[in-house]
Amino acid sequence: MAEMAAAPEGADAMTRRRAAAVAGHRGDRAQARAYLHDDEPAVRASALRALERSGDLDAPLLAAALEDPAPGVRVTALELAASRPDVPVDAAAARLDDPDQRVVEAAAWTCGEKVSAAGPADSAPVVAALIRVARSHADPLCRESAIAALGAIAHPDGLPAVLAGLDDKPEIRRRAVIALAPFDGPEVEAALARAGKDRDKQVRAAAAELLGPQVGATGAE
C-alpha cells in the first residue's frame with residue numbers, strides 16, 4: 001500500500017502533492033511523513049493535512065511547521081493548530097508578527113478559536129497582540145481577522161479596539177459590529193446605534209441584527 005501511495009521518482013510537484021494526500025487517506029503514516037521534507041511547500045502542506053487525517057500529526061511536528069520558511073505551510077499549520085489543545089495558543093500568537101499578511105490573518109483566526117474554546121484564563125497577552133494587529137496592521141484583512149478574534153474571545157480589554165474598527169473600511173466596520181455581540185454596556189449600545197446609521201448598507205444591516213430592523217432602516221442610502 002505504501003508503494004501505491006508514493007509518487008514515482010522524478011514526479012512533478014502536483015503528483016507528489018496528490019500522493020501525500022492519498023497517503024493520508026490510506027493511513028500510510030510513514031509515506032506522509034516522508035513528504036514533510038519535500039522541496040515544494042504545497043507538498044509539505046499536503047503532508048501535514050495527511051498526517052492530521054491519519055492521526056499521526058503530533059504537537060512537535062505542528063510546532064515545527066509553524067516555523068516553516070514557506071508562508072503557505074505556516075498558514076496550513078495554523079489552521080490545523082486551531083483545534084489542537086496540545087499546541088499552545090502562544091505558538092499561534094507568535095505568528096501575529098509574521099512578515100506575511102496571510103499568516104497574520106490565519107494566526108488571528110486561530111488565536112480566536114483557541115482562546116474562545118479554552119476560556120479567557122491567561123488570555124491577556126494574546127488579546128494585547130490581537131489589539132495591536134486590529135489597530136495598526138497595514139493589511140485590512142489582518143485587521144478584520146483580529147477584530148473577529150477579539151469578538152470571539154470577548155475579553156474586556158479588546159472592546160476599545162473593536163469599537164475603533166467602526167471607523168475603518170466598510171468590511172471591517174461590518175466585522176466590528178458583529179464582534180460587539182458578546183459585549184454590553186452604554187458604550188456598546190451607542191456604537192451600535194451609530195452603526196445603524198452607517199453609510200454602508202451591510203453595516204446597517206449588521207447593526208439591525210443586534211438592535212432591531214428600525215435602526216438599520218434610518219440610515220442613509
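Keep in mind that this is a model prediction, so the values were computed, not measured. FYI, side chains are in, hydrogens and waters are out, and symmetry mates aren't considered; it's all heavy atoms of this structure.
E40 is listed as a side-chain neighbour of R16, based on a closest heavy-atom distance under 4.5 Å. Taking 4.5 Å as the limit, some side-chain heavy atom of L96 sits within range of a side-chain heavy atom of C111. Annotation: side chain of L80 is not in contact with side chain of V87 (no heavy-atom distance under 4.5 Å). For the pair Y35/Q31, a side-chain contact is recorded, criterion being any heavy-atom separation below 4.5 Å from C-beta on. With contacts defined as side-chain heavy-atom distances shorter than 4.5 Å, the pair R143/V133 does not qualify. For the pair D198 and V177, the minimum side-chain heavy-atom distance is 4.5 Å or more. D97 is listed as a side-chain neighbour of R132, based on a closest heavy-atom distance under 4.5 Å.
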Salt bridge (charged side-chain N to carboxylate O under 4.0 Å, His left out) assessment of R194 paired with D167: CA-CA 11 Å; R194 179 164 65 91; D167 294 315; 3.2 Å; yes
side-chain contact (heavy atoms from CB on, under 4.5 Å) between R95 and V104, intermediate numbers included: CA-CA 6 Å; R95 299 264 58 94; V104 175; over 6 Å; no
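Follow the hydrophobic side-chain contacts under 4.5 Å out from L130 and you reach L180 in the same cluster. Taken together through direct or relayed side-chain contacts under 4.5 Å among Ile, Leu, Val, Met, Phe, Trp and Tyr, V89 and L78 form parts of separate hydrophobic clusters. Neither V162 nor I178 shares a network with the other; the hydrophobic side chains, linked directly or stepwise wherever heavy atoms of I, L, V, M, F, W or Y lie under 4.5 Å apart, form separate groups for each. No continuous path of ILVMFWY side-chain contacts below 4.5 Å connects L141 to V103, so the two sit in separate hydrophobic clusters. In the hydrophobic clustering of ILVMFWY residues, with side-chain heavy atoms under 4.5 Å counting as a link, F183 and V203 come out together.
Counting non-hydrogen atoms of other residues, nucleotides and ligands closer than 6.0 Å to CD of E187 gives a total of 12 or fewer. For D86, the CG atom is densely surrounded, since the number of other residues' heavy atoms within 6.0 Å is greater than 12.
Across all non-hydrogen atoms, the minimal contact from A77 to L66 is CB-CD2, 3.6 Å. In terms of heavy atoms, P182 sits closest to G151 at CG-O, 3.2 Å. The two residues A176 and I147 have their closest heavy-atom pair at CA-CG2, 3.7 Å. Across A81 and T110, no two heavy atoms sit closer than the pair C-CG2, 4.3 Å. Here the closest non-hydrogen pair linking A191 and L163 is CB-CD2, 3.5 Å. Summarising the geometry of R135 relative to A161, their closest heavy-atom pair is NH2-N, 3.8 Å, with the distance given to 0.1 Å.
A donor-acceptor pair under 3.5 Å links the side-chain atoms of S46 to the main chain of R17, judged by distance alone. Side chain of K114 to backbone of A92: no donor-acceptor contact under 3.5 angstrom is found. Looking at S116, its side chain does come within 3.5 Å of a backbone N or O of G112 through a donor-acceptor pair. When atom types are taken as modelled, the side chain of S145 and the backbone of C142 share no donor-acceptor pair closer than 3.5 angstrom.
In this structure, CZ in R204 is found 14.0 Å from CG in L211, a value given to the nearest 0.5 Å. Note: R174 CZ to L166 CG = 12.5 Å, rounded to the nearest 0.5 Å. For the atom pair CG of D100 and CZ of R74, the computed distance is 6.0 Å after rounding to the nearest 0.5 Å. The CG atom of L48 lies 8.0 Å from the CG atom of L61; values are rounded to the nearest 0.5 Å. With values rounded to the nearest 0.5 angstrom, D139 atom CG is found 10.0 Å from E144 atom CD. Atom CZ of R102 and atom CD of E105 lie 10.0 Å apart (nearest 0.5 Å).
A salt bridge does not link D168 to R175: none of the charged side-chain nitrogens sits closer than 4.0 Å to a carboxylate oxygen. Salt-bridge formation is not detected for the pair R84/E79: no Lys NZ or Arg NE/NH1/NH2 atom is positioned less than 4.0 Å from an Asp or Glu carboxylate oxygen.
Shown are D68, D38, T76; of these, the side chain to side chain donor-acceptor pair (under 3.5 Å) with R44 is made only by D68.
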